[in-house]
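Position 1 is the first residue of the sequence, and the numbers go up from there. This one's a predicted model, so the numbers in the text were calculated from it and none came from an experiment.
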Amino acid sequence: MRIAVTGSIATDHLMTFPGRFTDQLVADQLHTVSLPFLVDNLDVRRGGVGANIAFGMGQLGTRPVLVGAAGADFDEYRAWLDRHGVDTDSVRISETLHTARFVCTTDADHNQIGSFYTGAMSEARLIELKTVADRVGGLDLVLIGADDPEGMLRHTEECRSRGIPFAADFSQQIARMNGDEIRILLDGATYLFSNEYEKGLIESKTGWTDAEILERVGHRVTTLGARGVRVERVGAEPIEVGCPEEERKADPTGVGDAFRAGFLSGLAWGVSLERAAQVGCMLATLVIETVGTQEYRLSRAHFMDRFTKAYGEEAGLEVKAHLR
């Protein structure tokens, strides 16, 4: 099963200021703020919704096709993804813009000052999925993840017109989208991904009830935080899957992306929805135990030991046959 993952590609530049921002602010001079902060640490981490999901799928051996836009500074990031099993040949490289970037400084009280540079992400709207499909010999599913909003709309409409099954996954972009845009993006989706809060927001913005939305999509996949995930289909009992026991909780960033990577890999293997959800929950657990969205290492033996402990011998044997 050939799966393309569209979505943002970005790097995070995270710095730490040992003092407190509030100590540097002069109340009657806030209209002319000019403050340099000497920081202690700089962590540069790879990120972006599309790249995070594709990385996880690559770790599981399903060779996803990453579709997104980056800048000329993408070479090192591309090499990283290539080494981890991601097909990056359909990433558009901007001639003028840098890869999207989040720059953030955190002080001793965990207050943050940050900026997000969209950069090359705005060129995702220029990517045609037909070109991608022709290159790889066809697409069985396209995940339309958080990206340039115009690009998300274009990819959705192209999937409909060409008869390519697609999965809708608004995540961070749902806050800026209106009801009409959300209705366009989810109507006819084979899968609709969201967390519990986003689920309610989708219903509020579209004016559609849970049942009405379920009638418009093939499957509704709702992550429930520490309680796992629920997969719903019209006319079928919901499937609920819990999370494996955590060894530690280091950083929740990227957990939702990891779940999607595992779930989509299960679809690519052809296992049941329940089994795919279990793979997603297992991968999400590994990510929450690691600082950074792509810093975890997937050992087949370690993954299978924990997966089998959480979901049983039968589930373990089925997944082991696919995991490379």
Side-chain angles (χ1 to χ4, degrees), residues 5-17 21 24-25 30 32-56 66-82 84 86 88-107 110-127 143-155 169-178 181 185 198 251-258 260 287 291-295:
V5 176
T6 78
S8 60
I9 301 168
T11 56
D12 296 338
H13 293 242
L14 308 177
M15 293 165 281
T16 302
F17 174 59
F21 294 145
Q24 320 308 317
L25 301 176
L30 294 180
T32 58
V33 174
S34 177
L35 280 174
F37 293 100
L38 183 63
V39 298
D40 281 351
N41 301 304
L42 169 63
D43 286 333
V44 180
R45 295 183 188 151
R46 307 168 189 90
V49 165
N52 289 342
I53 295 172
F55 175 84
L66 177 60
V67 179
D73 54 343
F74 182 59
D75 285 351
E76 185 178 348
Y77 198 167
R78 182 197 295 276
W80 164 265
L81 292 171
D82 287 343
H84 290 87
V86 178
T88 62
D89 288 347
S90 290
V91 173
R92 175 188 172 88
I93 302 301
S94 173
E95 296 180 358
T96 58
L97 300 171
H98 291 288
T99 301
R101 194 160 301 167
F102 178 59
V103 180
C104 182
T105 303
T106 304
D107 74 0
H110 300 288
N111 296 311
Q112 293 184 320
I113 296 175
S115 302
F116 184 79
Y117 166 71
T118 303
M121 190 177 85
S122 62
E123 296 187 10
R125 68 187 68 180
L126 303 178
I127 301 171
L143 174 81
I144 300 174
D147 203 348
D148 167 58
E150 287 297 321
M152 295 171 71
L153 289 165
R154 176 178 179 177
H155 297 332
D169 184 14
F170 320 124
S171 58
Q172 295 99 321
Q173 292 293 30
I174 193 172
R176 64 173 291 164
M177 289 178 169
N178 60 41
E181 290 171 325
L185 289 170
E198 292 163 350
D251 180 8
T253 309
V255 169
D257 296 339
R260 287 149 176 78
V287 172
V291 177
T293 60
Q294 297 179 30
E295 304 307 316

Between atom CD1 of Ile144 and atom CG of Asp169, what is the distance when rounded to the nearest 0.5 Å? 10.0 Å
Are Glu123 and Thr96 side-chain neighbours, meaning at least one heavy-atom pair lies under 4.5 Å? yes
How close do Ala124 and Ala69 get, heavy atom to heavy atom, and via which atoms? N-CB, 3.8 Å
Looking only at heavy atoms, what is the nearest atom pair of Ser171 and Glu198, with distance? CA-OE2, 3.4 Å
Go through the steps for Ser122 and Asp148 under the test side-chain hydrogen bond (donor to acceptor under 3.5 Å, both in side chains), then give the verdict. CA-CA 5 Å; Ser122 62; Asp148 167 58; over 6 Å; no
Calculate, to the nearest 0.5 Å, the distance between atoms CD1 and CG belonging to Ile9 and Leu66 respectively. 4.0 Å
Would you check if Val44 and Asp12 make a side-chain contact, meaning some heavy-atom pair closer than 4.5 Å? no
Quiz: residues 45-52 side-chain donor-acceptor pairs under 3.5 angstrom, not counting sequence neighbours:
| from | atom 1 | to | atom 2 | distance (Å) |
| --- | --- | --- | --- | --- |
| Arg45 | NH2 | Asp43 | OD2 | 3.4 |
| Asn52 | OD1 | Thr293 | OG1 | 2.9 |
| Asn52 | OD1 | Gln294 | NE2 | 2.9 |
| Asn52 | ND2 | Gly48 | O | 3.3 |
| Asn52 | ND2 | Asp257 | OD2 | 3.0 |

The ring-ring contact (aromatic ring centres under 6.0 Å, His included) partners of His84 (sequence neighbours excluded) come to Phe55, Trp80
Holding to ring-ring contact (aromatic ring centres under 6.0 Å, His included), I want the full list of residues that pass it with Phe37, two or more places apart in sequence or in another chain. Phe17, Phe21
Test item: His155 and Ile127 side chains (from C-beta on) under 4.5 Å apart, heavy atoms: yes
Closest approach of Gln173 to Pro149 (non-hydrogen atoms, all atoms of both residues): NE2-CD, 3.7 Å
CA sep, side-chain torsions, deciding dist, call: Tyr117, Val103, side-chain contact (heavy atoms from CB on, under 4.5 Å): CA-CA 8 Å; Tyr117 166 71; Val103 180; over 6 Å; no
How long is the span from the CD atom in Glu150 to the CG atom in Leu126, to the nearest 0.5 Å? 11.0 Å
All salt bridge (charged side-chain N to carboxylate O under 4.0 Å, His left out) counterparts of Arg78, not counting sequence neighbours: none
Of all the heavy-atom pairs spanning Ala100 and Phe116, show the shortest one and how long it is. CB-CZ, 4.0 Å
Which atom names give the shortest non-hydrogen contact between Val5 and Ala54, and what distance separates them? CG1-N, 4.5 Å
Holding to side chain to side chain contact (heavy atoms under 4.5 Å, CB included), I want the full list of residues that pass it with Thr106, two or more places apart in sequence or in another chain. Cys104, His110, Gln112
Judged by modelled atom types alone, do Ser8 and Asp147 share a side-chain donor-acceptor pair under 3.5 Å? no
So, for Asp73 and Thr99, which heavy atoms are closest and what is the spacing to 0.1 Å? OD1-OG1, 2.8 Å
Under a 3.5 Å threshold, yes or no: a donor from one side chain and an acceptor from the other, between Thr16 and Asp40? no
A side-chain contact here means heavy atoms from C-beta on lying under 4.5 Å apart; do Leu42 and Leu14 qualify? no
Residue list, side chain to side chain contact (heavy atoms under 4.5 Å, CB included) with Thr11, at least two apart or on another chain: His13, Tyr77, Arg101
Starting at CZ of Phe170, measure out to CD of Glu181 and round the result to the nearest 0.5 Å. 10.5 Å
